[in-house]
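In this chain, numbering begins with 1 at the start of the sequence shown. The figures that follow rest on heavy atoms only: side chains count, while hydrogens, waters and symmetry mates do not.
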Amino acid sequence: MKNLSFLFLAMTCFALLTISGCGRGGENTVVEAPPAVEEEVAMPGMTDEEYDKAMEADMQ
C-alpha cells in the first residue's frame with residue numbers, strides 16, 4: 001500500500017510540474033553581446049613591435 005501511495009504522489013507531482021512549467025510565461029528577452037572593444041596600442045603611431053624594440057633599446 002505504501003508503494004501505491006508513493007507512486008500516486010510522484011505521478012501527481014510530475015503532472016503538476018508538467019502543467020505549471022519551469023518558468024514564467026512572459027515574453028522572451030533578447031540578450032545581446034556587449035560591443036567589441038578596440039585593442040589599445042602602446043603608443044599612437046607605433047606598432048607593438050616598434051614599441052618593444054624602442055623599450056629594449058632604452059633599457060640597455
Side-chain angles (χ1 to χ4, degrees):
M1 192 67 183
K2 279 187 175 182
N3 288 341
L4 185 60
S5 298
F6 179 73
L7 181 63
F8 179 72
L9 181 64
M11 293 302 288
T12 304
C13 291
F14 181 71
L16 289 175
L17 181 63
T18 305
I19 291 170
S20 65
C22 294
R24 297 186 302 172
E27 290 189 25
N28 294 340
T29 56
V30 177
V31 178
E32 295 182 12
V37 178
E38 291 185 24
E39 194 173 310
E40 294 182 19
V41 293
M43 288 287 284
M46 293 179 79
T47 64
D48 288 338
E49 292 83 19
E50 291 172 347
Y51 179 77
D52 290 339
K53 287 179 186 176
M55 288 299 292
E56 281 189 32
D58 286 343
M59 291 226 178
Q60 292 178 355

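- One finds the CG atom of Leu4 at 11.5 Å from the CG atom of Leu9 (value rounded to the nearest 0.5 Å).
- Closest approach of Gly45 to Glu50, counting heavy atoms only: O-OE1, 4.3 Å.
- To the nearest 0.5 angstrom, Thr47 atom OG1 is 8.0 Å from Lys53 atom NZ.
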